[in-house]
Structure formats: structure tokens, C-alpha cells
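Order of the sequence lines fixes the chain letters, A, B, ..., with proteins taken first and strands second; residue numbering starts at 1 for each chain.
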Amino acid sequence: MSFPPVEEQLALLTRGVEKIVPAEELRRKLEQSLRSGRPLRVKYGIDPTGIDVHLGHTVPLRKIRQFQELGHQAVIIIGNYTALVGDPSGRDQTRARLTQEQVENNARDYLNQVGKVVDLSRAEVVHNGDWFSAMSFLDVLELCSKVTVAQLLTREDFAKRYAAEQAIFLHECLYPVMQAWDSVKVRADVELGGTEQLYSFMLARDLQRDQNMPQQIGMMTPILVGLDGVRRMGKSLGNYIGIGESAYDMMKKFMQVPDAVMRMYFELLTDIPLPEVDRLLAGHPKDAKLTLARHVISGYHPSPEADEAADRWQREISQKELPAEIPEVVVPGTALEQGRIPAARLLQVTGLSPSSSEARRLISQGGVSLGEDKVRVETHDTPIDVTPGLLLWVGKKRVVRLSIGPN
RNA sequence: GGGGGAAUUCCAGAGUGGCCAAAUGGGCCAGACUGUAAAUCUGGUGGCUCUGCCUUCGCAGGUUCGAAUCCUGCUUCCCCCA
């Protein structure tokens, strides 16, 4: 096995990495591997707790991919056992635990998605249940004897919860221990993860030393902020771009992102050289954002699709042309009286408003309009002449084409 | 095992007998402004046959002319002591 020069590897690998502990050791490990021709074993663990992999997850995954491209060995750990515990990291509450069955379904799905970023054909994929399920209680006790409670409580998340008098369950305390033990089992040289993983990464080093093994390096990638530009990207916050989403959906979401986060997105989500990024950001923000979006999207969709999504956004959103596809909604003929229907009622039967009260609100606030010219509907009881093909708008984005059905 | 505290509308969190569909903030929706970005500003945010009416404040009963607010039981959660 041969590798590119160490300096070159370092330049690529340290981009967009927030913290490397211990910082000096990465170079040493790379030098060693270059000399011996032995690839580094790069570990990344994921707990199959949800289903949607989003761009936030891709930050460490992309890093794995870079390691792979340099010739190193990716080791993906499916935390089917740790998922039963729930990672307390960064949490101010105990996570809900999952059943075995859920975990297994999720795991399969996860790999499908992860495969879009990491080259799974060259990666080792292991389940940590393989070793944890084989451990006896005595083994667990033995493992626990390496960790002190005081140590656990130095973690910020636990310390905070402890101070706030919130519950910390014993099984949660075991989580970092398990994660660290994974590193021992796979003989990790490098572990990737978010900054909140620091404690587990360090614990892994302790356990590895205890087993007379080389100690791993922790590489921590920053938390990617979500579409709101403030909070971390996450499913529960609803501010994420999933990698399974359509090109156009991703496009729309990218264009909503606050300008201020663009640099971070470029750095963490693309390979565009940083000087080039600076040049882009010096230009019009909208163009920079389009470039960003196209680059990222083309990682998950064929690039003609990414281009098409960008064009479509320009046409429909930027230039306010009518969308190419307007969903058609059937108005039941029985709801009409002499071809007409009160405006508020129309919003309800078309499903654009869940309730009549909501419909009235929308209308009174000027959010409802008709036709290509978007003529505003003034009052909730305005009779609307429903003709097939009539456009009905709610707000700026939602529009449907009406047709009349038999009932 | 003993003691204490809490459950409110999407979330956080006020409200302790009528002025409460319930303050305030967040989120969300709509409008203005824009690059349909962000920020900002305005309005809204249970339902309905809508100047009024109906159903909500953990659950079930009760007191009262009247209860989110008082009483009883139940459920759930948290904390402390051991």
C-alpha cells in the first residue's frame, strides 16, 4: 500500500476539522503508516436510532471518505447495542430507548444512506452487538472498574444535568464506556465524530492503553448548523436537508439558508478549495449559494439533475414564473352552488386550510388570491366562480389548479 | 421505605374563584421589505352556521350562581432523605 506524502494528507484531512486530540499525533500516525505501508484504521460509529441521514451527518462521513481516498481503512460501527442505551451526549434529557427490532430496521436503512458518502465496498462494517452480546456480567464489571464516577461527571452534559437535578440513569453512564470499548475491539487508530464525543474518545485511549494497544486519535468535526443558521442541524428541529431528498427540495432548502453560514457549508460540505470559496463569497451571495447548492446536490443526484434543480429554482422562485408542476385539486361538484362556492369553504374542500377558522384568517390577512394575476380575495364569504384550471394561491408558495369533480 | 414538588393551549412558561380561549417568549402562518436569504416591522396562531356560540388547562368525581384556579380519589413525572 502506498500513500500520498504526509503533508498532502494532512492538508486534506484537517480541513473543516475543529479539534484533533492529541493534535501532534496525527502526523506521527500518518508518517508511520506511510513508512510501514499499513493503512490507518479509521473508526466511525453510528447509532441506528432514526432514519434520515442529513447533511450534518455527512460532515464526519465525508472525512471518512477522504481517509478512504488516501488509502486508509474505514471501519463503520453500527451501534446496534449502544442504540439500546441512547447516547446522552449533548442531551439535557434521557433519550428514549429503542427496541431491538427498530434498531435492526434502522441499521439497514442507515447503511443504504451512508453508502452515498462512504465507499462501503472498501469499508469494514461491524455491529457492536457482536461483542457486547457475548459479554458476561463479570466482563461488564471488569470494564466498569476502569472508569470512575468522578470522571464521568466531568462531562459537561452530565455535569449540567446533575447540577440541574435532572435524572442521570446508570445505563446512560455506560454509553461512553461502550463506545470506548468499540475502539478497543476494532483497534482504531483514528476515531471521527462531533465535538461532543471528546469524553468518549479520551476514554477509548485509556482503555486501549490498558490493553497495551496503540492509542487512537480523536478527530472532531464541528456541528453543522441547520437551515435556521443558529441551532445544530437535526431532525427533531426540522431544520435539516436530508440526503435522500429530491434535488429540487434540497435546492429550495439551500437557498433559504442564511448567508452567514455559507462559508461553513462550503468548508464542510464541499471540496472546493478555500481560496476559491473566498472568491465566490466575495461575489453576489445568491450566486454563491447556487454554486454551493449545486455542488452538494450533485453528490447525491446526477449532476444534470442538480443543474436542472438550480435552473428551476431560478425560474420559479427567483423569477416568479409559474411552477412547472402545479398540483391539481378536485372540487366536488356537490360543494358548488350554481358553480360558486364561498372562499373560506373553497380553501377547506381543497385541503389548503384544515379548518374554516384558519381559512378565514388567511383570507382576512390577504394571503389568498386567484388566477395567474393573483387577484386577492377580500372576504371569507366572497363567492368564487370555480372554473376548471383556475389557480388558487395561499401565501406566496402554495398554489393549486382547480378542477371540478362529480361529487 | 419516608418526605416534598409538579402536571396549562405546538414548546417553554404565567395564571391560584368571575375581567381566561388563558400573559410573555419561542416556533409556526400571513402581510410589508428583499436576493421568496437573514435581520426588521405588522397581524395572526382551539373549533364553529363567527359582532355570537361550543370544547379545552393530566384523569374521574365533588363544592359553587360561576373552577385552569377550591375539595376528594386516581394516574404519571421529578426531587430530597435513607
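Ion pair D182(A)/K185(A) not flagged as a salt bridge, since none of the NZ, NE, NH1 or NH2 atoms sits closer than 4.0 Å to an Asp/Glu carboxylate oxygen. Salt-bridge formation is detected for the pair D278(A)/R263(A): a Lys NZ or Arg NE/NH1/NH2 atom is positioned less than 4.0 Å from an Asp or Glu carboxylate oxygen.
Rounded to whole Å, atom P of A38(B) lies 21 Å from atom CZ of R263(A). Spacing between atom NZ of K397(A) and atom P of A30(B) amounts to 6 Å, rounded to whole angstrom units. Following rounding to the nearest Å, D259(A) (CG) and A39(B) (C1') show an atom-to-atom distance of 11 Å. The distance between atom CZ of R315(A) and atom P of U36(B), rounded to the nearest whole Å, is 15 Å. Here the C1' atom of nucleotide G27(B) and the CD atom of Q256(A) are 15 Å apart, to the nearest Å. Nucleotide U49(B) holds its C1' atom 13 Å from the CG atom of D381(A), rounded to whole Å. Going from atom CG of L227(A) over to atom C1' of U36(B) covers 15 Å, rounded to whole Å. Distance, E358(A) CD to U45(B) P: 10 Å, rounded to whole Å.
Contacts of R345(A) with the nucleic acid, taken as non-hydrogen atoms under 4.0 Å apart, are absent. Within 4.0 Å (heavy atoms only), S355(A) reaches sugar-phosphate atoms of the nucleic acid but no base atom. If you check every strand for non-hydrogen atoms under 4.0 Å, G395(A) touches sugar and phosphate atoms only.
In this structure, S356(A) reaches the U49(B) phosphate: one of its side-chain N or O atoms is under 4.0 Å from OP1 or OP2. Phosphate proximity of A30(B) to R361(A): absent, as no side-chain N or O sits under 4.0 Å from OP1 or OP2.
Atom CE of M135(A) sits about 9.0 Å away from atom CD of E142(A), to the nearest 0.5 Å.
Here, G1(B) and G46(B) have their C1' atoms 45 Å apart, quoted to the whole Å. One C1' atom belongs to C59(B), the other to A6(B), and the distance between them is 16 Å to the nearest Å. Taking the P atoms as reference points, U8(B) lies 27 Å from G2(B), given to the whole Å. Nucleotides C57(B) and A7(B) place their C1' atoms 10 Å apart, quoted to the nearest Å. Rounded to the nearest Å, the gap between the P atom of A39(B) and that of C28(B) is 10 Å. Nucleotides A21(B) and G44(B) are separated by 14 Å at their C1' atoms, to the nearest Å. Comparing the same atom, P, in A22(B) and in G52(B) gives a spacing of 13 Å after rounding to whole Å. Comparing C41(B) with C48(B), their C1' atoms sit 33 Å apart, to the nearest whole Å.
Between the side chains of H72(A) and Q66(A), no donor N or O sits under 3.5 Å from an acceptor N or O.
Searching all strands for a Watson-Crick or G-U wobble partner of A32(B) with both distances below 3.5 Å returns U40(B). Pairing for C77(B) is with G5(B), a Watson-Crick or G-U wobble pair whose two hydrogen-bonding atom distances lie under 3.5 Å. Across all strands shown, U64(B) forms no Watson-Crick or G-U wobble pair with both distances under 3.5 Å. In this structure, A23(B) forms no base pair with any nucleotide, since neither Watson-Crick nor G-U wobble geometry is met with both distances under 3.5 Å. Searching all strands for a Watson-Crick or G-U wobble partner of U51(B) with both distances below 3.5 Å returns nothing. U56(B) is unpaired under the Watson-Crick or G-U wobble criterion, no partner having all donor-acceptor distances under 3.5 Å.
Screening R205(A), R41(A), K43(A) against E191(A) for a salt bridge (charged side-chain N to carboxylate O under 4.0 Å, His left out) leaves a single residue, K43(A).
Not a single donor-acceptor contact under 3.5 angstrom links the side-chain atoms of Q365(A) to the base of G31(B).
Comparing P258(A) and Q348(A) against RNA chain B, the residue whose closest nucleotide sits nearer the 5' end is P258(A). Residue whose closest nucleotide on RNA chain B sits further toward the 5' end, between P354(A) and V257(A): V257(A).
Distance from the side chain of R376(A) is smallest for A32(B) among the nucleotides G47(B), A32(B), G35(B). When the nucleotides C29(B), G35(B), C33(B) are ranked by their closest atom to the side chain of H284(A), G35(B) comes out on top. Candidate nucleotides C50(B), U36(B), C29(B) were compared by shortest atom distance to the side chain of S357(A), and C50(B) ranks first.
Atom NZ of K397(A) is surrounded by 12 or fewer heavy atoms from other residues, nucleotides or ligands within 6.0 Å.
A centroid separation of 6.0 Å or more is found between the aromatic rings of H127(A) and Y81(A).
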